[in-house]
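Data first, discussion second: the structure below is written as C-alpha cells.
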Amino acid sequence: MRNDLRFLTFVIAMLIGAPAARAQNAAAVQLFEDGQAKMKAGDLDGACAAFAESNRLESRAGTLINLGMCLEQSERLASAWAAYGDALARAKDPAKKRIAETRRAALEPRLSTLHINVNAPVDGLEVRRDGLLLEQASLGHPVPVDGGAYTIVASAPGHQPWSTR
C-alpha cells in the first residue's frame, strides 16, 4: 500500500504541484514544496506539518490531498479522511475530485470511531477528549478519530468530574 501511495503522490504532484503553486502566495508555495521534499525523504511528521501550514495560509484542494496522503501514510486515518473530505469540497478540477473521492472512500472501512453517550445530561456539562471540548452535537454519535488512546473528561458545575482513558 505504501508503494501505491508513493505513486499516487507522484501523480498528484504532476497533476497539481505546479499549477497550484502559481496561484498561491510565496509562503504557501514554499511550505508546499517543503512538504513534498520531506515526504519524499520519509519525514512524514515534517511533511504533514508543512502541508498543514501551507493549507492554513491558503487552502487549496491539491494541498489538502497531499496533506491527506501524508496523514494516511502516518496512520492518522481519520485526519486523512477529513483532509480528503475538505479537498473534495474545495476541488473544482475533476481529476482532483476523483482522487479525493477515491482516497476518502478507501479509508472509510478502516476508520476508528469514538462513540460517547451521555446517559443523564446536566446543565453546564462539558466533555473533553484530550483536553479539547467536544461539541454537544457529537455526543451520542460515532465520530471518526485517529487510532490510539484518548483521555475523556466530563465535568459540570456542582458535580464531581469523571474521566476515563
Side-chain angles (χ1 to χ4, degrees), residues 1-114 116 127-135 137-138 141-153 165:
M1 180 165 137
R2 289 200 188 263
N3 286 338
D4 291 343
L5 283 173
R6 285 188 186 125
F7 176 73
L8 187 57
T9 301
F10 174 76
V11 170
I12 289 172
M14 297 304 292
L15 284 173
I16 61 182
R22 281 195 298 269
Q24 291 181 325
N25 69 48
V29 170
Q30 185 60 55
L31 286 161
F32 181 84
E33 291 172 357
D34 288 350
Q36 287 184 314
K38 288 178 180 183
M39 203 156 149
K40 186 175 180 180
D43 177 8
L44 294 177
D45 289 340
C48 291
F51 289 134
E53 182 61 12
S54 176
N55 185 64
R56 188 189 70 74
L57 293 174
E58 189 172 343
S59 187
R60 309 211 21 114
T63 303
L64 287 161
I65 290 169
N66 276 274
L67 176 59
M69 290 186 318
C70 186
L71 292 165
E72 187 175 351
Q73 288 184 40
S74 298
E75 297 296 322
R76 294 181 273 179
L77 302 184
S79 294
W81 180 79
Y84 292 135
D86 291 345
L88 187 56
R90 187 163 282 290
K92 293 180 180 92
D93 178 352
K96 291 177 189 176
K97 280 187 184 253
R98 207 169 23 261
I99 291 166
E101 285 173 343
T102 301
R103 293 307 321 143
R104 193 167 204 250
L107 286 179
E108 284 181 2
R110 299 176 51 210
L111 289 177
S112 297
T113 58
L114 180 64
I116 299 173
V127 180
R128 296 179 181 272
R129 181 183 73 220
D130 286 349
L132 297 173
L133 182 63
L134 301 179
E135 296 291 326
S138 72
H141 303 283
V143 176
V145 295
D146 292 328
Y150 294 94
T151 299
I152 308 300
V153 177
R165 185 158 171 80

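Quick caveat, the model's predicted, so the values are computed rather than measured. Hydrogens, waters and symmetry mates are skipped; everything else that's a heavy atom, side chains included, is used.
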Next item on the list: Given side chain to side chain contact (heavy atoms under 4.5 Å, CB included), test Leu57 with Leu31 step by step and report yes or no.
Entry: CA-CA 9 Å; Leu57 293 174; Leu31 286 161; 3.6 Å; yes

Note to self: Walk me through whether Leu64 and Arg90 qualify under side chain to side chain contact (heavy atoms under 4.5 Å, CB included).
What the structure shows: CA-CA 9 Å; Leu64 287 161; Arg90 187 163 282 290; 4.2 Å; yes

Checklist line | Criterion side chain to side chain contact (heavy atoms under 4.5 Å, CB included) on Ile99 and Lys96, from CA distance to verdict | finding: CA-CA 5 Å; Ile99 291 166; Lys96 291 177 189 176; 5.6 Å; no

Check: Yes or no on side chain to side chain contact (heavy atoms under 4.5 Å, CB included) for Ile152 and Ile116, after CA distance, side-chain angles and deciding distance?
Finding: CA-CA 9 Å; Ile152 308 300; Ile116 299 173; 4.0 Å; yes

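Looking only at distances, no side-chain donor or acceptor of Asp130 sits under 3.5 Å from a matching main-chain atom of Tyr150. The backbone N or O of Trp81 sits less than 3.5 Å from a side-chain atom of Arg104, completing a donor-acceptor pair. In this structure, Ser54 contributes its side chain and Ala28 its backbone to a donor-acceptor pair below 3.5 Å. Judged by distance alone, with hydrogens and angles left aside, the side-chain atoms of Asn66 form a donor-acceptor pair with the main-chain N or O of Gly62 at under 3.5 Å. Side-chain atoms of Tyr84 come within 3.5 Å of backbone N or O of Met69 as a donor-acceptor pair. Under the 3.5 Å distance criterion, the side-chain polar atoms of Glu58 are matched with a main-chain donor or acceptor of Asn25.
The nearest pair of heavy atoms linking Asp146 to Ala78 is OD1-N, 2.9 Å. Nearest heavy-atom pair across Ala106 and Pro109 is O-CD, 3.5 Å. Among all heavy-atom pairs drawn from Ala80 and Gly68, the shortest one is CB-O, 3.3 Å. Shown here for Ser74 and Leu44, the closest heavy-atom pair between the two residues is OG-CB, 3.4 Å.
Within the structure, the ring-ring contact (aromatic ring centres under 6.0 Å, His included) test picks out the following pairs touching residues 35-80 (sequence neighbours left out): Phe32-Phe51. Applying the disulfide (SG to SG under 2.5 Å) rule to pairs touching residues 59-98 yields Cys48-Cys70, sequence neighbours excluded.
Expressed to the nearest 0.5 Å, how far CD of Glu33 lies from NZ of Lys38 amounts to 13.0 Å.
Shown here is Glu135, whose CD atom has no more than 12 heavy atoms of other residues, nucleotides or ligands within 6.0 Å.
Between the side chains of Arg129 and Thr151, no donor-acceptor pair of N or O atoms lies under 3.5 Å. Using a 3.5 Å distance cut-off with no hydrogens or angles, the side chains of Thr63 and Asn55 do not pair a donor with an acceptor.
The shortest side-chain heavy-atom distance between Val127 and Val153 does not fall under the 4.5 Å cut-off. Counting heavy atoms from C-beta on, the side chains of Glu72 and Leu107 come closer than 4.5 Å. Between Lys97 and Lys92 there is no side-chain heavy-atom pair separated by less than 4.5 Å. A heavy-atom distance below 4.5 Å is found between the side chains of Glu75 and Arg110.
Remark: Glu101 pairs with Leu88 by the side chain to side chain contact (heavy atoms under 4.5 Å, CB included) rule, at least two apart or across chains.
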